[in-house]
Amino acid sequence: MIVVTGATGQLGRLIVEKLIARVPVDRVAVSVRDVQKAQDLAARGVRVRRGDFAEPTSLAQAFEGATQVLVVSSNAAAHGGDPLAQHRSAIDAARSAGARRIVYTSHMGASRSSAFPPMLDHAATEQMLAGSGLAWTSLRNGFYASSAAFLLERALPSGVFEAPADGKVSWTTHADLAEAAAVILTSEGRFDGPTPPLTASQALDFGELCDVASGILGRPIRRSTVSEDAMRAKLVASGMLAPGVGISLGLYRASRDGEFAAVDPTLRQLLGREPTSMRELLTGKLMLKARG
C-alpha cells in the first residue's frame, strides 16, 4: 500500500495519476484534508482517507496499512505556520503505522545555509528522515517551472518583467517530477537518501525567460532589474505577509548564488525521455493567458 499525502494539491494529484497507471489502484491510498475534494479518486477505486499534518491524531487512520508513505512537503511557512512540526508528525505517523519507507518531496537546493527559506526546512526534514529508523528517499526536485510561468504571466499586461537581479534556475515541470516520483515509489531501493537533482535539461535566468516569452508571443517582454528594497515595498503594498516576502526575495538571492543552476541527467533517465522544456511549457501557458 502506497499512501500519498496532499493528493488534492497540484503535485500530489499528478503523482497519484502516475501511480495508478503503474500499479493496481487498490494499492494506492491518499491522505487529504478535505475528502470531498478527492471524490473523483474514490470513484476510481483509490482509498481516500482524511489526514491533516496539523492534526497528528488524524494521520494514524490515514496511514493505516501503508508500506510506503509519500510525504508532500508542507507550505505552512508561507502562511506563518510550522512546516517542520507538520513533517515530524507525518514521519512519526508513518513509523507508527508500520511503513517501511518514506519518500519526501524535497528540493534540489536543500541546504542549512540557503538564502531561500524553504530550503532550510527541506534540509531539516531530511535530517529528521535520516534519524527516523526507516528507509527514506528525498526527491531533490528541480525548481517548479510553474513558479516562473506565474511570474511571467504577471508581466504580460505591461510588457515588463520587474524583479531583483537573479541567476540561472533549472525550471522543472510538476508533471515530469510527478512521473519520476511514481517511478521511484514503484522501484524500492533505487535511491537511498537524497536523489541527485531531478531537473530539466536547461537552466535559464529571467532575462532568458523573457526572451523565450517574447519569441512565443511575438512581442517584447522586457527584463527590468529593481532593488530588493523596491521589490519588498511592492510586495508589502500588495498585502503579502512577511514570510511570503522573505520567500519571494529569497528566490532571487539564492539563484544569484547559483543554488538552483545545476542540471542533471537523472530525471531524463527516470522518464526515458527529455524533460519538458520551458519553451514548451510557456508556449501553452502564455498563449492561453494572452488570449484570455
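If you're wondering where the values come from, they're calculated on a predicted model, not measured in any experiment.
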Donor-acceptor pair, distance only, cut-off 3.5 Å: does the side chain of [X] make one with the backbone of [Y]?
| X | Y | result |
| --- | --- | --- |
| Ser146 | Thr173 | no |
| Thr5 | Val72 | yes |
| Arg95 | Leu134 | no |
| Asp166 | Ser255 | no |
| Trp171 | Leu204 | yes |
| His87 | Ser73 | no |
| Thr67 | Met1 | yes |
| Ser89 | Ala85 | yes |
| Arg223 | Ala163 | yes |

Task: Heavy-atom side-chain contact between Leu59 and Ser31 under 4.5 Å - done: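 In short, these two side chains touch, coming nearer than 4.5 Å.
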
Salt bridge present between [X] and [Y] (N-O < 4.0 angstrom):
| X | Y | result |
| --- | --- | --- |
| Glu64 | Arg47 | no |
| Arg100 | Glu188 | yes |
| Arg268 | Asp176 | no |

Taking a hydrophobic cluster as the set of Ile, Leu, Val, Met, Phe, Trp and Tyr residues connected by side-chain heavy atoms closer than 4.5 Å, whether directly or through intermediates, do [X] and [Y] fall within one such cluster?
| X | Y | answer |
| --- | --- | --- |
| Val226 | Val245 | yes |
| Val23 | Leu139 | yes |
| Leu286 | Leu209 | yes |

Task: Sole candidate of Tyr144, Phe206, Phe143 that passes side chain to side chain contact (heavy atoms under 4.5 Å, CB included) when paired with Val169 - done: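 Single pass found, and it is Phe143.
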
Task: Apart from Leu120 itself, residues in the same hydrophobic cluster as defined by side-chain heavy atoms under 4.5 Å - done: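 Members alongside Leu120: none; it stands by itself.
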
TODO: Any chance you could lay out the side-chain contact (heavy atoms from CB on, under 4.5 Å) test for Phe191 and Leu270, step after step, and finish with the verdict?
DONE: CA-CA 12 Å; Phe191 292 103; Leu270 288 168; 4.1 Å; yes

What heavy-atom pair brings [X] and [Y] nearest, and what distance separates the two atoms?
| X | Y | value |
| --- | --- | --- |
| Ala149 | Leu281 | CB-CD2, 4.4 Å |
| Ser238 | Leu235 | OG-O, 2.5 Å |
| Ala200 | Leu267 | N-CD2, 4.3 Å |

TODO: Could you note down all residue pairs passing salt bridge (charged side-chain N to carboxylate O under 4.0 Å, His left out) where residues 128-145 supplies at least one of them, sequence neighbours left out?
DONE: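 Counting only pairs at least two positions apart or across chains, the salt bridge (charged side-chain N to carboxylate O under 4.0 Å, His left out) contacts touching residues 128-145 are Glu126-Arg140.
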
Open item on the list: So, using side chain to side chain donor-acceptor pair (under 3.5 Å) as the criterion, who are the partners of Thr266 when residues are at least two apart?
Closed with: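 Testing Thr266 for side chain to side chain donor-acceptor pair (under 3.5 Å), a comparison that skips the adjacent residues, returns Asp264.
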
- [ ] State whether the number of non-hydrogen atoms from other residues, nucleotides or ligands found under 6.0 Å of Arg112 atom CZ is greater than 12.
- [x]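 Atom CZ in Arg112 is not crowded, with 12 or fewer foreign heavy atoms closer than 6.0 Å.
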
TODO: Would you check if there is a donor-acceptor pair between the side chains of Ser58 and Asp52 at a distance under 3.5 Å?
DONE: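 Result is no, nothing qualifies.
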
